[in-house]
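Structure record follows, encoded as structure tokens.
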Amino acid sequence: MEAVLQTRGLLSLPPKPTKASSLLNPSQGLSHRLFASKPLGFNGLCLFYRRVPSVVAKPNGVPFICNAKAASAADGKQPFFNENEKPKFMGIEILTLKKIIPLGLMFFCILFNYTILRDTKDVLVVTAKGSSAEIIPFLKTWVNLPMAIGFMLLYTKLANVLSKKALFYTVIVPFIAFFGAFGFLLYPLSNYIHPQALSDKLLAVLGPRFLGPLAIMRIWSFCLFYVMAELWGSVVISVLFWGFANQITTVEEAKRFYPLFGLGANVALIFSGRTVKYFSNLRKNLGPRVDGWAISLKGMMSIVVLMGFTICFLYWWVNKFVPLPTRSWKKKEKPKMGTMESLKFLVSSRYIRDLATLVVAYGISINLVEVTWKSKLKAQFPSPNEYSSFMGDFSTATGIATFTMMLLSQFIFDKYGWGVAAKITPTVLLLTGVGFFSLILFGDPLGPALAEFGMTPLLAAVYVGAMQNIFSKSAKYSLFDPCKEMAYIPLHEDTKVKGKAAIDVVCNPLGKSGGALIQQFMILTFGSLANSTPYLGGILLMIVFTWLSAAKSLDTQFTALRREEELEKEMERDAVKIPVVSEPRDDSVANSSLL
């Protein structure tokens, strides 16, 4: 039998089976395993048993062969697992294209809308009469966060009673209706529905340090637009789109095409930035008594509504004409960790603590600089059209920079490794943050030198702050986010799942609201955001240095875990053997083992 198997190119049998190998599975005999209904596999090697009369016969009359493909070839037949090849276009299955192309268009429309809404919401709340950039920290903490929590509670309730299709339309249609109504109804009536007189009386009593909180009441419809624009990013992108994409795509398709969605997002950013710029410049061609910003707003909200209905159509088309992949409903349990459990887990692991520091530090740092920059941006561009036009250029530049950084990120990871990639984002924030705050604090002595370049200290601070935001966000999307996700890979499965849950529960909200809380404290203590600027700059330096220290510590631990993982895999490869044990010639046939 050994000779026959070797001439067929199959697994050879040990000439002298050991006693230990025959005891590997004493409860089952050879005949039981040969006629088992389920074939055995070892990473692509299929041990499949069938009756082949022309092959050697065993003492019990059961011939066998170890490889199904070889067995079929021996019989002159095609392999039993041969399938009809599916139609393809440019090497991609037609069925895959029917899913990926609509998903890509949906993602483009969603990100196109998000960029318009993100730029518009800042223009509305920052340039409104009786408001300023100081409103943003209070708005994020006391309006945006409670409404986000309330929305997700409502979404959870609706998910229990509605189908997936009905849930999608129920969530996205109110967004589309609100943005359309705001452009054509709420904004034109804003002078009549905003309590300007009451807000002025309260401001005279409480003092200028309460300008931010009172502005929320003064321009409540603009604040509602701000919150809905923020929710579009978190609900429509994160919940609706990615939930639908994960529902209809396979793992292989996701690995191949999801990275392209990131590049497509930056293309949407570039085009939407040009759109904002175009509508913002309409004011130049209008008469002196015409509200140019109202005209621009109607145009941009019309595009948002059109894109929203396009998203609904693409969703309907995919559900109508594309068969969904079958799923295994056997899911791995994710630990449901509360806030206290998450805090305990964060404290217990140094690796998770360092990773959490990265997430919190980014959220606080970007908020500290961004709000201060927007206050200077309003001082330089007080008109809504001018402010919006600048934000259009800003979005286009962000898209170009992020697209370029995504193309370079693979080279950075391959050439310099995880540690250098993880330190680029805080380094960029540090250098540009120092330049930005220096121009604000020491702008007057630099005035004559800047005048030679045709700039004032205020305009220079606006440009440096814009560069800081552009490079920080591009580094975040292309390097920081991949580094954060890669850091989970070498962890033990239990630590990986619990650590991610802890960071999602505690660190993401803390990073987003931490900067806002710091700014609120500074504004209420020192009277205004301008008076707080020196202290905000000092806090930024401390946070960024803490971030760099945590990245260095995490790099050491990450590298050690990766080496350990690679060593284990190498040892496993060296130790893998697949013995086929021959049967003894005595009565112990029923107890012999085959692996």
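When reading the values below, keep in mind they use all heavy atoms of this one structure, side chains included, and skip hydrogens, waters and symmetry mates. Every value quoted in this text rests on a predicted model; they were computed, and no experiment measured them.
- Rounding to the nearest 0.5 angstrom, the gap separating the CG atom in Asn281 from the CG atom in Asn385 is 8.0 Å.
- Looking at heavy atoms from C-beta onward, Asn319 lies in side-chain contact with Lys165 at the 4.5 angstrom threshold.
- Between the side chain of Trp232 and the backbone N or O of Arg118 there is no donor-acceptor pair closer than 3.5 Å.
- Using a 4.5 Å heavy-atom cutoff, the side chains of Thr533 and Met522 are not in contact.
- Of all non-hydrogen atoms in Gly130 and Ala215, the two that sit nearest each other are O-CB, 3.9 Å.
- Looking at Val428, Thr404, Thr402 one by one, the single match for side chain to side chain contact (heavy atoms under 4.5 Å, CB included) with Ser474 turns out to be Thr402.
- Counted within 6.0 Å of CZ on Phe151, heavy atoms from surrounding residues, nucleotides or ligands total more than 12; the atom is thus considered enclosed.
- Between the side chain of Ser190 and the backbone N or O of Leu186, no donor-acceptor pair lies under 3.5 Å.
- Using modelled atom types, no side-chain atom of Lys298 and backbone atom of Gly183 make a donor-acceptor pair closer than 3.5 Å.
- Between Tyr169 and Tyr315, the angle of the ring planes goes over 60°, which puts this pair in the perpendicular group of the 30/60° scheme.
- With Phe168 as the partner, the side chain to side chain contact (heavy atoms under 4.5 Å, CB included) test is satisfied by one option alone out of Ile311, Val236, Val173: Ile311.
- Pro102 and Trp317 make their closest contact through CG-CZ3, 3.8 Å (heavy atoms, listed as atom of the first residue, atom of the second, distance).
- Between Leu231 and Phe175 the shortest side-chain heavy-atom distance falls below 4.5 Å.
- Annotation: side chain of Leu450 is not in contact with side chain of Thr456 (no heavy-atom distance under 4.5 Å).
- We find the CG-NZ distance between Leu162 and Lys157 to be 13.5 Å, quoted to the nearest 0.5 Å.
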Please assess Trp142 against Gln520 for the test side-chain hydrogen bond (donor to acceptor under 3.5 Å, both in side chains), listing each intermediate value before the final yes or no. CA-CA 11 Å; Trp142 306 111; Gln520 291 176 52; 2.9 Å; yes

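- Taking CD1 of Ile172 as the start and CZ of Phe241 as the end, the distance is 11.5 Å to the nearest 0.5 Å.
- A donor-acceptor distance shorter than 3.5 angstrom exists from the side chain of Ser131 to the backbone of Val125, with no hydrogens or angles considered.
- The aromatic rings of Phe321 and Trp316 stand perpendicular to each other, their planes meeting at an angle above 60°, with 30° marking the opposite boundary.
- Leu439 has its side chain out of reach of Leu458: every pair of non-hydrogen atoms, C-beta onward, lies at least 4.5 Å apart.
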One pair to check against side-chain contact (heavy atoms from CB on, under 4.5 Å): Phe138 and Ile523. What are the steps and the verdict? CA-CA 10 Å; Phe138 297 94; Ile523 291 171; 4.2 Å; yes

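- Across Thr425 and Lys476, no two heavy atoms sit closer than the pair OG1-N, 4.1 Å.
- Aromatic pair Phe271/Phe112: centroids not less than 6.0 angstrom apart.
- Under the side chain to side chain contact (heavy atoms under 4.5 Å, CB included) test applied with Thr127, the options Trp293, Tyr387, Phe222 reduce to a single match, Tyr387.
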Test Ser389 against Ser280 for side-chain hydrogen bond (donor to acceptor under 3.5 Å, both in side chains), laying out the working first. CA-CA 5 Å; Ser389 177; Ser280 300; 5.4 Å; no

Evaluate side-chain contact (heavy atoms from CB on, under 4.5 Å) for Leu124 paired with Tyr226, printing each intermediate quantity in order. CA-CA 8 Å; Leu124 286 170; Tyr226 187 99; over 6 Å; no

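- Of all heavy-atom pairs spanning Ser132 and Leu211, the tightest one is OG-CD2, 3.8 Å.
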Going through the checks in order, is the side-chain contact (heavy atoms from CB on, under 4.5 Å) test met by Glu134 and Ser375? CA-CA 7 Å; Glu134 296 176 2; Ser375 68; over 6 Å; no

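- The environment of Asn160 atom CG is dense: over 12 non-hydrogen atoms of other residues, nucleotides or ligands sit within 6.0 angstrom.
- Phe480 has its ring centre less than 6.0 Å from the ring centre of Trp547.
- Two residues are said to be in side-chain contact when any heavy atoms from C-beta on lie closer than 4.5 Å; Phe279 and Ser388 fail this criterion.
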The test is side-chain contact (heavy atoms from CB on, under 4.5 Å); show your working for Glu386 and Phe390 and say whether it passes. CA-CA 6 Å; Glu386 294 176 350; Phe390 183 88; over 6 Å; no

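- Nearest approach of Pro208 to Leu203, heavy atoms of both residues: CA-CD1, 4.1 Å.
- The CG atom of Leu430 sits 7.5 Å away from the CG atom of Leu540 when rounded to the nearest 0.5 Å.
- With ring centers used as reference points, Tyr187 lies 6.0 Å or more from Phe225.
- With rounding to the nearest 0.5 Å, the separation of CE in Met106 from SG in Cys312 is 8.5 Å.
- Counting all heavy atoms, side chain and backbone alike, Cys109 lies closest to Met307 at SG-SD, 3.5 Å.
- Ring-plane geometry between Phe394 and Trp373 is classed as tilted, the angle between the planes lying from 30 to 60 degrees on a 0 to 90 degree scale.
- Under the 4.5 Å side-chain criterion, counting only non-hydrogen atoms from C-beta, Val322 is not in contact with Ile248.
- Side-chain contact between Leu103 and Phe107 is absent, with no heavy-atom pair separated by less than 4.5 Å.
- Taking OG1 from Thr398 and CD1 from Ile470, the interatomic distance works out to 4.5 Å, rounded to the nearest 0.5 Å.
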Check against side-chain hydrogen bond (donor to acceptor under 3.5 Å, both in side chains), Lys140 and Asn367: CA-CA 11 Å; Lys140 285 186 175 181; Asn367 270 283; 2.9 Å; yes

